There are 2 protein chains.
Amino acid sequence: MRSEILPTGQRSFIEEARRAQIIAAAIEVIAAGGFAKASLAAIAKHAGISKGVISYHFAGKDELMEEVVNQIYDTIAERVLTSMKGQETATELLRTQVLSVAGHMRGHRTQLQALGEIFHNLRDAAGKPRYGVQSSEELYTSLERLYELGQRTGEFRSFDIRVMAVTHSAAIDAMFEYWVVHPEHDLDAHAIELADLLESAVK
Amino acid sequence: MRSEILPTGQRSFIEEARRAQIIAAAIEVIAAGGFAKASLAAIAKHAGISKGVISYHFAGKDELMEEVVNQIYDTIAERVLTSMKGQETATELLRTQVLSVAGHMRGHRTQLQALGEIFHNLRDAAGKPRYGVQSSEELYTSLERLYELGQRTGEFRSFDIRVMAVTHSAAIDAMFEYWVVHPEHDLDAHAIELADLLESAVK
DNA sequence: CTAAAATTTGGCCATGCGGTCAGAAATTCT
DNA sequence: AGAATTTCTGACCGCATGGCCAAATTTTAG
């Protein structure tokens with residue numbers, strides 16, 4: 001038994017490596033068979049370890065799932081925000097956001113599939129979604145700032161920025177899900193088309 | 001034991017009523033607690049009957065779920081298609097589709113919540129989604145016809161109708177999910193705003 | 001080298017699941 | 001009425017799940 005709970009920063013390298021290995025296995029199992037089939041036994045088997053190891057390194061299945069979400073979410077947020085740093089106008093920001101997310105998708109299909117599965121399926125003890133629309137609030141306000149900037153500078157017409165943010169976010173998710181089901185679909189072309197579409201919608 | 005399997009049209013009124021009662025109970029249980037908590041036991045308890053009755057009237061849980069989907073889907077399709085009958089131009093059709101779906105949502109929140117749960121969660125024996133993006137093909141082609149009409153008449157600009165259809169569909173779904181999580185949100189206003197947004201996107 | 005601590009194993013547990021069934025109850029038929 | 005059929009009940013089955021733990025093993029510390 002680990003003698004005490006340590007803050008994240010004080011975990012040993014070995015422990016951190018094991019946790020990362022388990023998280024990676026969880027992502028692959030979830031993406032391959034869906035959330036419902038991603039049992040601790042299945043994840044452990046895929047990682048080549050005993051089931052108890054997961055219980056040893058994570059407080060429970062819920063903590064494991066939240067760590068999976070955190071890791072994936074941090075990765076994409078960092079990439080997209082970085083790529084948007086250089087842009088000035090709201091139009092540039094809008095197009096860059098869409099294209100940069102799409103660019104991330106191609107290299108992280110499995111991770112984003114797992115993320116979607118957990119978002120749609122993970123529930124708290126009361127049966128309410130752990131993630132879901134309400135946990136997208138941060139993303140919505142971020143997109144709202146983008147559209148509000150465009151309205152302030154006169155680039156964009158007048159419209160409801162909340163509806164626009166919700167729609168924008170849904171359009172991105174749909175692009176990904178469509179591409180997952182139809183791998184031959186041209187993701188880049190879809191992204192460019194979507195950027196055109198959103199730009200046209202607000203001008 | 002029922003002596004034989006009869007075609008749908010030859011089921012007795014009593015049996016049809018029981019099936020409808022069970023389907024209604026299933027919808028309420030799924031909407032209230034999510035797909036994962038909607039066990040046969042929970043559905044039976046909510047309907048005030050024994051669990052075995054469900055097995056007696058349905059071949060299994062999967063058949064029950066498909067009947068739930070069929071009933072809900074038929075209801076909404078009929079309403080929306082009917083409301084679009086009177087319209088002529090692609091712009092009118094577009095706006096009517098969005099507003100009529102939103103109108104349906106307010107009176108059928110529970111049913112559509114259950115529909116979404118089943119769509120996102122029901123899997124076949126191999127673990128692949130029973131419904132999902134690929135089962136939206138019919139809806140996509142229907143929306144594509146609408147947009148293609150607008151392009152042919154010159155109402156709409158040139159764009160990829162498949163990307164537009166996928167985005168349109170996702171925007172509708174997102175509007176519903178956002179409203180479910182934020183019941184105080186003005187659904188009608190959102191629908192009008194979305195219709196403006198889509199119209200602006202294609203003109 | 002030895003003792004202590006950390007890590008892993010493999011089996012066990014209670015719980016809940018979908019599905020089944022014999023017999024009871026209700027309904028329909030003659 | 002009584003017999004035949006349909007419907008319902010409540011208990012039961014095999015199975016999978018997440019979590020747990022004593023003992024075995026490996027790593028670290030003195």
Side-chain angles (χ1 to χ4, degrees), chain A residues 1-6 10-23 25-26 29-30 33-68 117-118 121-127 130, chain B residues 1-6 10-23 25-26 29-30 33-68 117-118 121-127 130:
Chain A
M1 172 72 77
R2 213 168 65 229
S3 52
E4 53 179 323
I5 302 296
L6 297 175
Q10 296 184 32
R11 275 200 206 92
S12 74
F13 290 118
I14 299 173
E15 167 137 10
E16 209 57 74
R18 257 284 190 261
R19 285 174 61 100
Q21 179 198 5
I22 293 168
I23 289 172
V29 171
I30 294 170
F35 184 85
K37 288 212 164 186
S39 65
L40 293 183
I43 295 168
K45 185 177 180 182
H46 190 263
I49 58 178
S50 169
K51 198 178 57 166
V53 182
I54 300 180
S55 297
Y56 180 75
H57 289 284
F58 295 89
K61 193 181 185 182
D62 286 356
E63 196 215 322
L64 170 57
M65 292 299 149
E66 298 197 359
E67 288 299 311
V68 170
E117 285 285 330
I118 298 175
N121 292 306
L122 189 61
R123 311 252 164 179
D124 61 23
R130 169 67 180 83
Chain B
M1 172 72 76
R2 213 167 67 228
S3 52
E4 53 180 322
I5 303 295
L6 298 174
Q10 297 183 32
R11 275 198 206 95
S12 75
F13 289 120
I14 297 174
E15 167 137 11
E16 208 56 74
R18 255 285 188 263
R19 285 173 63 99
Q21 178 198 4
I22 293 168
I23 289 172
V29 171
I30 293 170
F35 184 85
K37 288 211 163 186
S39 64
L40 293 184
I43 294 168
K45 185 177 178 181
H46 191 264
I49 57 177
S50 170
K51 196 178 59 164
V53 182
I54 300 179
S55 296
Y56 180 74
H57 289 284
F58 294 89
K61 194 182 185 183
D62 286 355
E63 195 214 323
L64 170 57
M65 292 299 149
E66 299 197 357
E67 287 299 312
V68 170
E117 284 287 330
I118 298 175
N121 291 306
L122 188 60
R123 312 253 164 177
D124 62 23
R130 170 67 181 78

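Keep in mind the model is a prediction, meaning the values are calculated, not measured. Below, chain A is the first sequence line, B the second, and so on; all start at residue 1.
Taking the side-chain hydrogen bond (donor to acceptor under 3.5 Å, both in side chains) definition, one finds that A/E117 meets it with A/N121, B/R123, sequence neighbours left out. For B/S39, the side chain to side chain contact (heavy atoms under 4.5 Å, CB included) partners two or more places apart in sequence, or in a different chain, are B/A41, B/A42.
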Expected rows: protein N/O vs nucleotides 17-20 of chain D N/O, under 3.5 Å:
unit_1: D/dT17; atom_1: OP1; unit_2: A/S39; atom_2: OG; d: 3.4
unit_1: D/dG18; atom_1: OP1; unit_2: A/K61; atom_2: NZ; d: 2.4
unit_1: D/dG18; atom_1: OP2; unit_2: A/L40; atom_2: N; d: 2.9
unit_1: D/dG19; atom_1: OP2; unit_2: A/K61; atom_2: N; d: 3.0
unit_1: D/dG19; atom_1: O6; unit_2: A/K51; atom_2: NZ; d: 2.4

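One interatomic measurement links the two molecules: CD of B/Q21 to P of D/dT7, which rounds to 14 Å at whole-angstrom precision. What separates CG of B/L64 from C1' of C/dG19 is a distance of 14 Å, to the nearest Å. At whole-Å resolution of the value, CD1 in B/I54 and P in C/dC21 are 18 Å apart. Atom CD1 of B/I43 is separated from atom P of C/dG16 by 17 Å (rounded to the nearest Å). In this structure, B/R123 atom CZ and C/dG18 atom C1' are separated by 18 Å, rounded to whole Å.
Nearest heavy-atom pair across B/I43 and B/I22 is CG2-O, 4.1 Å. Here the closest heavy-atom approach between residue B/E67 and residue B/F58 is recorded as CG-CE2, 4.1 Å. Contact record, B/I30 with B/A38: CG1-CB, 3.5 Å, taken as the closest heavy-atom pair. Closest approach of A/A26 and A/V68 over heavy atoms only: CB-CG2, 4.1 Å.
Within the 4.0 Å cut-off from OP1 or OP2 of C/dT8, not a single side-chain nitrogen or oxygen of A/Y56 is found. Between C/dA6 and A/H57, no contact under 4.0 Å exists linking OP1 or OP2 to a side-chain N or O. A sub-4.0 Å separation between OP1 or OP2 of C/dT8 and a side-chain N or O of A/R18 is present.
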